[in-house]
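First the proteins, then the strands, lettered A, B, ... as listed; each starts at 1.
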Protein chains: 2
Amino acid sequence: MNSDFTLAIHSLTYLALQPDRMSTSDGISESAGVHPVRIRKVLSLLKKHGFIKSKEGTGGGFIFNLDLCEVNLWDIYMITSEGALQPKCPDSNEECIVGANMKRVLFTIFLGAEQYLGEYLKNYTIKEVVDLVNQEQNSGCD
Amino acid sequence: MNSDFTLAIHSLTYLALQPDRMSTSDGISESAGVHPVRIRKVLSLLKKHGFIKSKEGTGGGFIFNLDLCEVNLWDIYMITSEGALQPKCPDSNEECIVGANMKRVLFTIFLGAEQYLGEYLKNYTIKEVVDLVNQEQNSGCD
DNA sequence: ATTAACTGTAATATTTATTATTACACTATG
DNA sequence: CATAGTGTAATAATAAATATTACAGTTAAT
């Protein structure tokens, strides 16, 4: 699975646990173990869709903008990874009935698969992810 | 999606349309637009699980070994791509509650997602794929 | 008003994953 | 015994993901 998706989940969960202050891309990137620029890229998508707010300058950062229950994993998937389930078929042989039609058939099947998966992902809101993270907590941030 | 999965589907569909003679990895690879060695690798998995038979030497090749209705896309997924939905999380910060627990939480969620997707994939047998390929046929092999 | 701490984003470099290629042992057929 | 195949490992090439660098813009604090 596309890691923009999981980074978005990670970031939102992080923000969910810091509801009262802004978090920086540096802080989130340390938590997630990736480069801060990547975090900013992912968060810029989430901001564009209104899930978070950001503020530039000293004391700035990112903060959740919605209720935790309003954001589910399907929303996040659609923003970060729509179509990611589709296989990248090489150009196959158009002179073979299989080669000529497989791409179209697979596209249809995987489109359905994505829709189907959506029903599963809709069952998880960030609230639920936060609860799962809290369940067996190993240690805490500062 | 893992392309071993789609190559396996492609190959099996190809074999399904040649039920009376053996097909070579060269033939399949031309249809699918990939290297014959890759086809042989994928088919070697399918053989190990009894979906196809193979024969070495002159006049050898691959041939379907089961009824088309007995093989569904979930079977093929499990053989070629089990776990492929799992994101590859970088090592995150164990001293942050999010970093310390996210991997486990995501693992659980994506495990469920894979199981869920399985129900969808079980609905497609190779027979159905063959039918879809035949539906809007552009042209035929030899 | 200047510095420091941020976001935003593009361009480039690096790393990793996928895929192709080569090589060759083995098997069967004619 | 030559030819047409599979089986599989090792390596090379390519493509994709990720990190890094660079820098413009914003805000707060001194």
Side-chain angles (χ1 to χ4, degrees), chain A residues 1-8 10-11 14-15 18 21-49 51-65 80-81 83-93, chain B residues 1-8 10-11 14-15 18 21-49 51-65 80-81 83-93:
Chain A
M1 177 63 56
N2 190 319
S3 79
D4 279 0
F5 182 39
T6 59
L7 275 180
H10 193 119
S11 301
Y14 186 100
L15 296 183
Q18 309 278 348
R21 51 171 155 161
M22 302 215 112
S23 305
T24 68
S25 59
D26 264 42
I28 302 171
S29 82
E30 269 184 41
S31 167
V34 299
H35 201 277
V37 171
R38 249 185 101 195
I39 294 291
R40 295 210 285 274
K41 257 184 228 162
V42 171
L43 292 191
S44 133
L45 279 175
L46 295 175
K47 181 188 174 186
K48 201 161 71 181
H49 288 82
F51 294 160
I52 61 175
K53 280 184 298 191
S54 76
K55 195 174 148 205
E56 302 186 13
T58 304
F62 302 89
I63 196 164
F64 224 100
N65 192 36
T80 58
S81 317
L85 226 56
Q86 287 294 339
K88 32 201 163 327
C89 297
D91 290 337
S92 50
N93 188 347
Chain B
M1 178 61 57
N2 192 318
S3 79
D4 279 0
F5 181 40
T6 58
L7 275 180
H10 192 118
S11 301
Y14 186 99
L15 296 183
Q18 310 279 347
R21 51 169 155 163
M22 302 215 112
S23 306
T24 67
S25 58
D26 265 44
I28 302 171
S29 82
E30 269 182 41
S31 167
V34 300
H35 200 277
V37 171
R38 247 185 103 194
I39 294 292
R40 296 210 285 273
K41 259 184 228 160
V42 171
L43 292 192
S44 133
L45 279 174
L46 296 176
K47 181 190 173 186
K48 201 162 73 184
H49 287 82
F51 294 161
I52 60 175
K53 279 184 299 191
S54 76
K55 195 175 148 201
E56 303 186 11
T58 305
F62 303 89
I63 195 163
F64 224 101
N65 191 36
T80 58
S81 316
L85 226 55
Q86 287 292 339
K88 34 200 163 326
C89 297
D91 290 337
S92 51
N93 189 347

Which whole-number value in Å describes the distance from [X] [atom1] to [N] [atom2]?
X	N	atom1	atom2	answer
Leu43(B)	dG7(D)	CG	P	8 Å
Asn2(A)	dA16(D)	CG	C1'	12 Å
Lys53(B)	dG5(D)	NZ	P	19 Å
Lys48(B)	dG7(D)	NZ	P	12 Å
Arg38(B)	dA13(D)	CZ	P	18 Å
Ile52(B)	dT6(D)	CD1	C1'	11 Å
Lys55(B)	dT6(D)	NZ	P	12 Å
Leu7(A)	dT18(D)	CG	P	8 Å

Side-chain touch [X]/[Y], heavy atoms, less than 4.5 angstrom:
X	Y	value
Ile28(B)	Leu15(B)	yes
His10(B)	Cys89(A)	no
Tyr14(A)	Ser23(A)	yes
Gln18(B)	Ile63(B)	no

Looking at [X], I'd like to know whether one of its side-chain N or O atoms comes within less than 4.0 Å of OP1 or OP2 on [N].
X	N	value
Lys88(A)	dA15(D)	no
Lys47(B)	dG7(D)	yes
Ser3(A)	dT18(D)	yes

Quiz item: If you walk 5' to 3' along DNA chain C, what is the first nucleotide with an atom under 4.0 Å of a heavy atom in chain A, and what is the last?
Solution: dA4(C) to dA10(C)
Just verifying a value: how many Å separate [X] [atom1] and [Y] [atom2], rounded to the nearest 0.5 Å?
X	Y	atom1	atom2	value
Gln86(B)	Lys88(B)	CD	NZ	10.5 Å
Phe62(A)	Ile52(A)	CZ	CD1	6.0 Å
His35(B)	Ser25(B)	NE2	OG	9.5 Å

Quiz item: Which is true for Gly59(A) with a 4.0 Å heavy-atom rule: it touches a base, it touches only sugar-phosphate, or it touches nothing?
Solution: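 Nothing, no heavy atom under 4.0 Å.
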Practice problem: Determine the contact category for Val37(B): base if any of its heavy atoms lies under 4.0 Å from a base atom, sugar-phosphate if only primed atoms, P, OP1 or OP2 are that close, otherwise nothing. | Solution: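 Counting heavy atoms under 4.0 Å across all strands, the contact made by Val37(B) includes a base.
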Self-check item: Earlier contact from the 5' end, DNA chain C, for Gly60(A) and Asp4(B)
Solution: Gly60(A)
Exercise. Look at the side chain of Arg40(A) and decide which nucleotide, out of dT6(D), dT18(D), dA22(D), has an atom nearest to it.
Key: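 Looking only at heavy atoms from C-beta outward on Arg40(A), the closest nucleotide is dA22(D).
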Self-check item: Shortest side-chain distance from Lys41(B), nucleotide among dA10(D), dA28(D), dA19(D)
Solution: dA10(D)
Exercise. Can you check whether any acceptor in the base of dT3(D) is under 3.5 Å from a donor in the side chain of Thr58(B), or vice versa?
Key: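 For Thr58(B), whose side chain was compared with the base of dT3(D), there is a donor-acceptor pair (under 3.5 Å).
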